[in-house]
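FYI, side chains are in, hydrogens and waters are out, and symmetry mates aren't considered; it's all heavy atoms of this structure. Indexing begins at 1, ligand by ligand and atom by atom, following the structure's order.
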Amino acid sequence: MISAKQTKSVHSLKSWLFTPGTKADRFGKAADVHADVLIIDLEDAVAPSAKEEARGSALHYLEGLSSNHHPCALRINAPVTRVGLDDLQALLRSSAQPDYLILPKTESAGVIGLVSTLLREAGKSTEVIALIETAKAVAALEEITGADIKPAALLFGAADMSADLGAETAWEPLLMIRSRIVQTAATAGIAVLDSPYFDIANGEGLRRETVASANLGFHAKCAIHPAQIAVINEVLTPTAEEVAKARQILVINRQGVGSVGHQMVDEAVARTARLVLERAGIPAEELVAS
Ligand code: GLV
Ligand code: MG
């Protein structure tokens, strides 16, 4: 199956919308509001009594996707729990092939390796995303990013992390953890997705946090409400001026050392320019040709 994901790198997917697995009528909403990725959630957005029903709806939806479907991720329950193991078995037995499989409460490279291997054995190209949301996961970051089988991305879960640490779910208390995640992921070239912003009525707070998280190095921000997507896309999409400047920098860089405006262009500046174009979704082949 050729999925939309294969034309877009995970690094360029900016907005990820969580949708409860019980709300099949809302699965199409992610595409409607221009979220880059639909996340169907079987974990915390689903009550224990509704787990089976949500699993059934999610797999039914995923099995019916066309080859050019909107990028789609499935968050199962943690595979070290009974319900998570049931989710995984059901996925492996089905013909469903989400682009990404999000593993909550990931605390070791072993789980990522095991699940990735099972997915390959089942003939699926689904890539694993590790949700980093416990103190133990932070302690295992080097192991997770240094393993032979690596996740496609790390996703930071602020709500569970706060609960695990006894910290407030606010920017400052979690800044060190966010920075650790970004730094460790960068050692392996792994994408980093930031936690949703939980106050859905506070658009300004969402904007501030999305800017701060992009400034730290996060590639994307998750959302728990469709109304949050426009702000996330606006903040994380490079402007036409930024793209034009990045292109100019790369032209100068190919010619040697020079300047764009008042900025000296060296390899470090060129690396940042490549990131801007990657965030703008401009494929690498086009960079070479430009
Ligand atoms: C997400 O799962 C979170 O805990 O914030
Ligand atoms: Mg969580």
Side-chain angles (χ1 to χ4, degrees), residues 13-23 30 35-48 50-51 54-55 58 72-85 87-88 98 100-108 111-112 115 128-141 144 151-182 185 191-202 205-206 208-210 212-213 216 218-226 228-229 232:
L13 299 169
K14 301 171 293 293
S15 47
W16 298 60
L17 179 60
F18 277 97
T19 307
T22 43
K23 307 281 184 205
D36 286 336
V37 185
L38 159 68
I39 304 176
I40 301 178
D41 188 16
L42 301 184
E43 200 216 20
D44 286 354
V46 176
K51 293 285 185 194
R55 183 187 303 138
C72 190
L74 178 68
R75 176 165 81 167
I76 59 171
N77 292 274
V80 294
T81 63
R82 177 86 185 263
V83 65
L85 205 51
D87 291 339
L88 183 60
Y100 302 101
L101 181 65
I102 299 177
L103 302 182
K105 321 283 184 319
T106 302
E107 295 181 336
S108 74
V111 173
I112 297 166
V115 173
V128 166
I129 294 181
L131 187 37
I132 304 297
E133 52 182 349
T134 62
K136 270 193 189 160
V138 178
L141 278 172
I144 290 170
L154 301 182
L155 196 171
F156 175 52
D160 271 298
M161 185 65 78
S162 305
D164 210 39
L165 298 174
E168 195 191 339
T169 314
W171 183 259
E172 285 297 328
L174 300 173
L175 177 56
M176 189 275 280
I177 307 276
R178 278 189 165 94
S179 302
R180 283 270 291 127
I181 291 173
V182 171
V192 273
L193 325 180
D194 196 19
S195 171
Y197 183 74
F198 297 101
D199 183 352
I200 52 179
N202 185 354
L206 169 65
R208 263 198 312 277
E209 189 169 284
T210 307
S213 120
L216 270 190
F218 278 94
H219 298 92
K221 183 111 181 119
C222 296
I224 49 168
H225 193 281
Q228 296 182 311
I229 295 297
I232 294 173

Using 0.5 Å steps for rounding, measure from the NZ atom of K23 to the CD1 atom of I40. 14.0 Å
A158 heavy atoms, cut-off 4.0 Å: which ligand 1 atoms fall inside? 3 (C), 5 (O)
Which of the ligand 1 atoms, numbered from 1, are nearer than 4.0 Å to a heavy atom of D160: 3 (C), 4 (O), 5 (O)
Of all heavy-atom pairs linking D194 and K221, the shortest is OD2-NZ, 3.0 Å
Calculate, to the nearest 0.5 Å, the distance between atoms CD1 and CG belonging to I224 and D199 respectively. 8.5 Å
With rounding to the nearest 0.5 Å, note down the distance linking NZ in K51 to CG in D87. 7.5 Å
For R75, which part has a heavy atom under 4.0 Å from ligand 1: side chain, backbone, both, or neither? side chain
Separation between CZ of R75 and CG of D41, rounded to the nearest 0.5 Å: 4.0 Å
Just which atoms of ligand 1 are under 4.0 Å from any heavy atom in F198? 5 (O)
Rounded to the nearest 10°, what angle sits at the Mg ion (ligand 2) between OE1 of E133 and OD2 of D160? 90°
Ligand 1 atoms in contact with A159 (distance to a heavy atom under 4.0 Å): 3 (C), 4 (O), 5 (O)
Looking only at protein heavy atoms, which one is nearest to atom 1 (C) of ligand 1, and how far off is it? E133 OE1, 3.5 Å
Of all the heavy atoms in M161, does at least one lie under 4.0 Å from an atom in ligand 1? no
Less than 4.5 Å apart, any side-chain heavy atom of D44 and any of D160? yes
